[in-house]
Amino acid sequence: MSEYSNLIQAILEGNDVKCVELTNEALDEGANPGDIVSSGLQAGMLIVGDKFSAGDFFIPDMLLAARAVARAMEAIHPRLSESEMPTLGRVVIGTVSGDIHDIGKNFVVMFLRGAGFEVFDLGINVPADRFVAAVKEHAPDIVGMSALVTTTMPVMQHVIAALGSAALLSQVKVIVGGAPVTQRFADQIGADGYAADGGAAIRLCQKLLEE
Ligand code: B1M
């Protein structure tokens with residue numbers, strides 16, 4: 001059983017008060033802040049992601065869990081230097097040009113941040129050249145694109161082409177998602193992966209970083 005099983009349980013229950021209490025207790029007992037984040041908070045959020053993907057958790061469960069993790073992070077932050085912050089990887093993400101839907105993309109951002117990724121959210125209606133500029137600026141491991149409308153899906157391919165023209169494709173993995181997007185479409189446009197939801201996005205990013 002994990003040293004942080006009570007903390008993980010509090011995250012699964014979405015109990016932010018308990019989560020902060022257990023985090024402060026662990027800090028007072030001398031636990032390493034980085035350990036609390038990776039073995040407690042991030043581990044808990046990964047389980048939340050899996051439960052959401054499996055249909056056992058719903059959007060309110062996920063929001064409560066994310067809030068509990070965010071509150072615990074506030075308690076930890078003053079005790080953790082930037083260099084100690086465990087980061088699983090860097091992700092640049094946005095909803096592609098012509099598309100203003102961001103509710104699902106924002107969930108994915110929340111999931112990835114909760115699981116420990118450093119996420120640069122470019123927002124909505126993001127053209128190819130802004131993805132390219134963001135990759136140059138932030139040097140991410142992964143570029144994520146969201147599209148909710150069938151007519152904006154082709155923009156994903158334009159972004160991949162633009163990253164290729166800028167000779168950046170060898171430095172990043174590209175993932176795509178959104179209601180009309182499928183694994184087949186991802187394969188067709190040469191993306192490295194497709195995720196159906198926030199939980200799947202966490203697993204996909206982890207898998208791509210291990211390759
Ligand atoms: Co729009 N809309 N909308 N809309 N809208 C849809 C997408 C539509 C299917 C509705 C319909 O007609 N039945 C339809 C598209 C049809 C098509 O493609 N053929 C549509 C349309 C047509 C439009 C407009 C053109 C309507 C108009 O003005 N005539 C218009 C403008 C579109 C544009 O972008 N230019 C428009 C506008 C809007 C609102 C502004 C009103 C609003 C958006 C508000 C916002 O996002 N801030 C809106 C909404 C809310 C919807 C519906 C109702 C809901 C979308 C949503 O938020 N779902 C939608 C119909 C529907 O889906 N039932 C619809 C909840 C969200 C949690 O799920 O976004 O799928 P989702 O995200 C999931 C996964 O897809 C995945 O994870 C998320 C969490 O599980 N995921 C990723 C998403 N991105 C990912 C990225 C990843 C990985 C996973 O990796 C990078």
Side-chain angles (χ1 to χ4, degrees), residues 14 45-67 69 88-128 130-132 134-135 138-163 168-169 171-211:
M45 206 58 198
L46 278 177
I47 300 173
V48 171
D50 284 347
K51 286 188 179 290
F52 184 74
S53 291
D56 296 333
F57 265 27
F58 299 99
I59 287 168
D61 305 309
M62 198 275 294
L63 292 175
L64 287 173
R67 186 182 65 176
V69 169
L88 294 184
R90 293 179 145 208
V91 181
V92 158
I93 193 168
T95 300
V96 295
S97 179
D99 203 320
I100 60 166
H101 295 87
D102 67 354
I103 297 171
K105 185 265 298 164
N106 292 345
F107 278 142
V108 174
V109 169
M110 208 187 306
F111 267 89
L112 291 175
R113 285 192 177 138
F117 287 89
E118 190 180 358
V119 182
F120 302 91
D121 183 359
L122 307 183
I124 55 171
N125 202 12
V126 183
R130 268 192 54 218
F131 277 103
V132 169
V135 170
H138 301 298
D141 305 289
I142 291 169
V143 171
M145 289 182 270
S146 180
L148 260 287
V149 188
T150 45
T151 50
T152 61
M153 287 166 63
V155 178
M156 292 175 157
Q157 192 163 15
H158 301 159
V159 174
I160 293 175
L163 290 170
L168 293 168
L169 267 188
Q171 298 169 33
V172 292
K173 302 281 187 188
V174 177
I175 70 166
V176 291
V181 178
T182 59
Q183 180 65 57
R184 186 150 176 261
F185 177 74
D187 294 340
Q188 274 170 5
I189 64 169
D192 296 291
Y194 155 77
D197 57 41
I202 295 175
R203 292 284 175 214
L204 175 62
C205 289
Q206 283 185 318
K207 184 179 136 258
L208 290 172
L209 290 183
E210 282 161 17
E211 283 176 2

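We count ligands from 1, going down the list as the structure has it; atoms in each ligand are counted the same way. Keep in mind the model is a prediction, meaning the values are calculated, not measured.
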(message) Among all protein heavy atoms in this structure, tell me which lies nearest to atom 35 (N) of ligand 1, with the distance rounded to 0.1 Å.
(response) Gly98 O, 2.9 Å
(message) Do Val172 and Asp141 have side chains that approach each other closer than 4.5 Å (heavy atoms only, starting at C-beta)?
(response) no
(request) Could you tell me whether atom 16 (C) of ligand 1 has at least one protein heavy atom nearer than 4.0 Å? (result) no
(request) Decide yes or no for Arg203 and Asp50: does some side-chain heavy atom of the first lie under 4.5 Å from some side-chain heavy atom of the second? (result) yes
(request) Decide yes or no for Val149 and Pro180: does some side-chain heavy atom of the first lie under 4.5 Å from some side-chain heavy atom of the second? (result) no
(request) Please indicate, with yes or no, if any protein heavy atom is found under 4.0 Å from atom 8 (C) of ligand 1? (result) no
(request) Name the option, out of Ile124, Thr152, Asp99, Leu148, that contains the heavy atom nearest to atom 55 (C) of ligand 1. (result) Leu148
(request) Give the single entry among Thr95, Ile202, Thr150, Thr151 that approaches atom 19 (N) of ligand 1 most closely by any heavy atom. (result) Thr150
(message) To check you understand the geometry: which heavy-atom pair defines the closest contact between Ser97 and Pro127, and what is its length?
(response) CB-CA, 3.7 Å
(request) Side-chain contact test, heavy atoms from C-beta onward, threshold under 4.5 Å: evaluate it for Phe117 versus Gln206 and give yes or no. (result) yes
(request) Please verify whether a non-hydrogen atom of Tyr194 lies at under 4.0 Å from ligand 1. (result) no
(message) Going by a strict under-4.0 Å cutoff (protein heavy atoms only), does atom 82 (C) of ligand 1 have a neighbour on the protein?
(response) yes
(request) Give the minimum heavy-atom separation between Val96 and Ala147, together with the two atoms involved. (result) CG2-CB, 3.9 Å
(request) Look only at the side chain of Ser53 and the backbone of Ala200, and say whether a donor-acceptor pair between them is shorter than 3.5 Å. (result) yes
(request) Only heavy atoms count here, so choose which of Met156, Met145, His101, Met153 is nearest to atom 21 (C) of ligand 1. (result) His101
(message) Any protein heavy-atom neighbour for atom 13 (N) of ligand 1 (distance below 4.0 angstrom)?
(response) no
(message) For Ser146, is there any backbone N or O sitting under 3.5 Å from a side-chain donor or acceptor partner on Asp99?
(response) no
(request) Write out the residue and atom name of the closest protein heavy atom to atom 34 (O) of ligand 1, then the distance separating them to 0.1 Å. (result) Ile100 N, 2.6 Å
(request) Using a 4.5 Å cut-off on heavy atoms from C-beta on, say whether the side chain of Gln183 contacts that of Tyr194. (result) yes
(request) Determine whether the side chain, the backbone, both or neither of Ala196 has a heavy atom under 4.0 Å from any heavy atom of ligand 1. (result) backbone
(request) May I ask whether Gly178 has any heavy atom positioned less than 4.0 angstrom from an atom of ligand 1? (result) yes
(request) Could you tell me whether the side chain of Asp192 and the main chain of Ile175 form a donor-acceptor pair under 3.5 Å? (result) no
(request) Using a distance threshold of 4.0 Å (strictly less than), state whether atom 88 (C) of ligand 1 has a protein heavy-atom neighbour. (result) yes
(message) List ligand 1 atoms under 4.0 Å from Gly177, heavy atoms only on the residue side.
(response) 82 (C), 84 (N), 85 (C), 86 (C), 87 (C), 88 (C), 89 (C), 90 (O)
(message) Tell me whether ligand 1 is touched by Ala200 - counting only heavy atoms on the residue side and a distance under 4.0 Å.
(response) no
(message) Under 4.0 Å from atom 41 (C) of ligand 1, is there at least one protein heavy atom?
(response) no
(message) Would you say atom 51 (C) of ligand 1 makes contact with the protein, given that contact here means a non-hydrogen protein atom less than 4.0 Å away?
(response) yes
(request) Would you check the N or O atoms of Ala179, main chain and side chain alike, for any that come under 3.5 Å of an N or O of ligand 1? (result) yes
(message) Please tell me if atom 78 (C) of ligand 1 is touched by the protein, where touching means a protein heavy-atom distance below 4.0 Å.
(response) yes
(message) Checking a contact table here: which protein heavy atom is nearest atom 65 (C) of ligand 1, and how many Å away?
(response) Ile103 CG2, 4.4 Å
(request) Examine distances only and state if a side-chain atom of Asp61 and a backbone atom of Phe58 form a donor-acceptor pair shorter than 3.5 Å. (result) yes
(request) Quick one: closest heavy-atom pair of Phe131 and Met145, and the distance? (result) CZ-CG, 3.7 Å
(request) Could you label the plane-to-plane angle of the Phe120 and His138 rings as parallel, tilted or perpendicular, counting under 30° as parallel and over 60° as perpendicular? (result) parallel
(request) Mark up the atoms of ligand 1 that fall under 4.0 Å of a heavy atom belonging to Phe52, in ascending order. (result) 80 (O)
(request) May I ask you to list the atoms of ligand 1 that are less than 4.0 angstrom from any heavy atom of Gly144? (result) 91 (C)
(request) Considering only non-hydrogen protein atoms, determine which one is nearest to atom 45 (C) of ligand 1 and report residue, atom name and distance to 0.1 Å. (result) Asp102 OD1, 3.4 Å
(request) May I ask you to list the atoms of ligand 1 that are less than 4.0 angstrom from any heavy atom of Phe107? (result) 67 (C)
(message) Rounded at 0.5 Å granularity, tell me how far CE in Met45 sits from CD1 in Ile202.
(response) 6.5 Å
(request) Could you find the nearest protein heavy atom to atom 84 (N) of ligand 1 and give me its residue, atom name and distance? (result) Ser146 OG, 2.8 Å
(request) State, yes or no, whether a side-chain contact exists between Arg113 and Asp121 at a heavy-atom distance under 4.5 Å. (result) yes
(request) State, with a plain yes or no, whether a side-chain heavy atom of Phe111 is found less than 4.5 Å away from one of Val108. (result) no
(request) Measure the distance from atom 72 (O) of ligand 1 to every protein heavy atom, then report the residue, atom name and distance (to 0.1 Å) of the closest one. (result) Gly104 CA, 3.2 Å
(request) Distance to 0.1 Å, residue and atom name: give those for the protein heavy atom nearest to atom 80 (O) of ligand 1. (result) Asp197 CB, 3.4 Å
(message) Checking a contact table here: which protein heavy atom is nearest atom 22 (C) of ligand 1, and how many Å away?
(response) Val149 CG1, 4.9 Å
